[in-house]
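Comments concern the structure below.
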Number of protein chains: 2
Amino acid sequence: MEFKEAKNKFVQSWGALGSQWGINKTMAQIHALLMVSNQPVSMEDIMDELQISRGNASMNLRALIDWGIVYKAFKPGERREFFTAEKDLDELAVKISKERSKREIKPALKVLKEVSSIEISGAEDEKHFKEQTGKLYDFVLKADNVLDKITEYRENWLTKLVMKIMS
Amino acid sequence: MEFKEAKNKFVQSWGALGSQWGINKTMAQIHALLMVSNQPVSMEDIMDELQISRGNASMNLRALIDWGIVYKAFKPGERREFFTAEKDLDELAVKISKERSKREIKPALKVLKEVSSIEISGAEDEKHFKEQTGKLYDFVLKADNVLDKITEYRENWLTKLVMKIMS
DNA sequence: ATAAACTTTCATTTTTTTTTGAAAGTTTAA
DNA sequence: TTAAACTTTCAAAAAAAAATGAAAGTTTAT
């Protein structure tokens with residue numbers, strides 16, 4: 001396998017993976033492309049390499065920037081914008097975790113808190129509902145806090161976590 | 001808010017969450033419904049409560065069973081099948097992690113290993129590609145191993161993990 | 001063996017998500 | 001100020017994913 005083929009394979013696979021994780025294919029592909037690029041890449045080049053339209057490129061780049069994992073970069077003497085991806089993997093993981101927590105876990109917790117707080121009659125099914133959603137609330141809250149803690153570590157948290165767990 | 005409303009809200013929200021996590025809406029809803037049900041539920045009841053077709057219910061139930069988080073249950077004297085969900089949350093989390101690892105992480109690792117192993121010329125961009133995908137491979141491998149370790153804990157791993165991290 | 005009770009399958013339809021591309025908007029240089 | 005260079009927006013089109021439902025398949029009781 002030579003370079004171009006490998007690069008293409010990586011971009012395609014990363015795109016497929018993205019779509020299983022609630023990130024759309026193009027967004028993941030753009031990110032993949034930027035991750036393995038030495039130099040900042042222009043929108044033109046992205047469109048060209050991924051064979052996508054201008055609008056698509058623009059929208060997904062903006063989304064990646066919103067997620068905080070792609071940055072605008074400027075080249076001296078160049079008018080147009082270039083883009084780079086966050087390349088530090090710890091930093092990347094932290095940013096993605098934070099963003100997903102904010103967008104998905106926090107709202108879910110809100111619902112769980114609400115529904116687990118209903119006043120119930122003595123009926124068995126109502127008791128069970130309240131108990132089960134209550135447990136779920138505690139569980140998700142705890143899991144979310146683990147993410148927060150991890151974020152505090154910043155540097156190399158995964159390595160450190162592995163150490164702790166192995167010990 | 002009263003019981004029925006709360007139950008409905010929970011099922012709807014869990015469904016929405018599911019679709020952000022690569023699990024389809026109905027699958028997540030069925031799971032939610034079973035999670036908070038006191039008693040095993042028949043396919044008929046699921047169709048009725050979620051307003052979905054027989055085929056849809058059948059396919060998604062089967063998928064949930066494949067994931068190992070929903071079980072068939074039999075009621076004495078009843079001919080048709082009933083279903084229950086895994087209600088222990090630690091067990092549930094472990095099963096979901098394992099399944100996602102198998103379906104998504106392992107294949108991704110395979111690709112990462114392949115593409116990071118290419119023979120390269122001395123060109124800067126090729127070097128960078130190899131280095132970056134290599135790092136990604138190590139990172140993902142490590143993350144996946146954390147999941148495996150967690151699985152070994154079995155009982156209450158989340159609590160124990162929180163303890164370790166806090167300490 | 002057969003028919004009733006139930007479940008699964010899968011071609012078709014529906015819904016949802018993503019992409020396109022042209023028009024509108026913005027920025028910069030002269 | 002203006003026009004060239006570039007980016008964003010968004011309605012419409014295309015593509016992808018999910019749902020339907022009727023026919024085929026299974027199981028069980030008699």
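Chain identifiers are assigned alphabetically (A, B, ...) following the order of the sequence lines, protein sequences preceding nucleic acid strands; residue numbering begins at 1 within each chain.
Both A:Ser53 and B:Arg54 lie near DNA chain C, and the one whose nearest nucleotide falls closer to the 5' end is B:Arg54. Positionally, the nearest nucleotide of DNA chain D for A:Phe83 lies more toward the 5' end than for the other of A:Asn56 and A:Phe83.
For A:Thr26, no side-chain nitrogen or oxygen approaches OP1 or OP2 of C:dT18 to under 4.0 Å. Look at B:Asn24 and you'll find a side-chain N or O under 4.0 angstrom from OP1 or OP2 of D:dA19.
Atom NZ of A:Lys72 and atom C1' of D:dT7 are 8 Å apart (whole Å). Rounded to whole Å, the distance from NZ on A:Lys25 to P on D:dA15 is 11 Å. At whole-Å resolution of the value, CD in B:Glu78 and P in D:dT28 are 14 Å apart. Between A:Ile65 atom CD1 and D:dT7 atom P there is a gap of 11 Å when expressed in whole angstrom units. If you measure from atom CZ of B:Phe74 to atom P of C:dC6, you get 13 Å, rounded to the nearest angstrom. With rounding to whole Å, A:Ile52 atom CD1 is found 19 Å from D:dA14 atom P. One atom, CZ of A:Phe82, and another, P of D:dC6, lie 9 Å apart when rounded to the nearest Å. The CE atom of A:Met59 sits 13 Å away from the C1' atom of C:dG21 (whole-angstrom rounding).
At a cut-off of 3.5 angstrom, the base of D:dT27 holds at least one donor-acceptor pair with the side chain of B:Arg79.
In this structure a side-chain-to-backbone donor-acceptor pair under 3.5 Å is missing from B:His31 to B:Val70. Between the side chain of A:Glu86 and the backbone N or O of A:Leu92, no donor-acceptor pair lies under 3.5 Å.
Backbone-only contact: A:Glu81 has heavy atoms under 4.0 Å from sugar-phosphate atoms and none from a base.
Among the nucleotides D:dT8, D:dA19, C:dT8, the one closest to any side-chain atom of B:Arg62 is C:dT8.
No side-chain donor-acceptor contact under 3.5 Å links A:Thr26 and A:Asn60. Between the side chains of A:Gln20 and B:Trp21, no donor-acceptor pair is found at a separation under 3.5 Å.
Between B:Trp14 and B:Gln29 the shortest side-chain heavy-atom distance does not fall below 4.5 Å.
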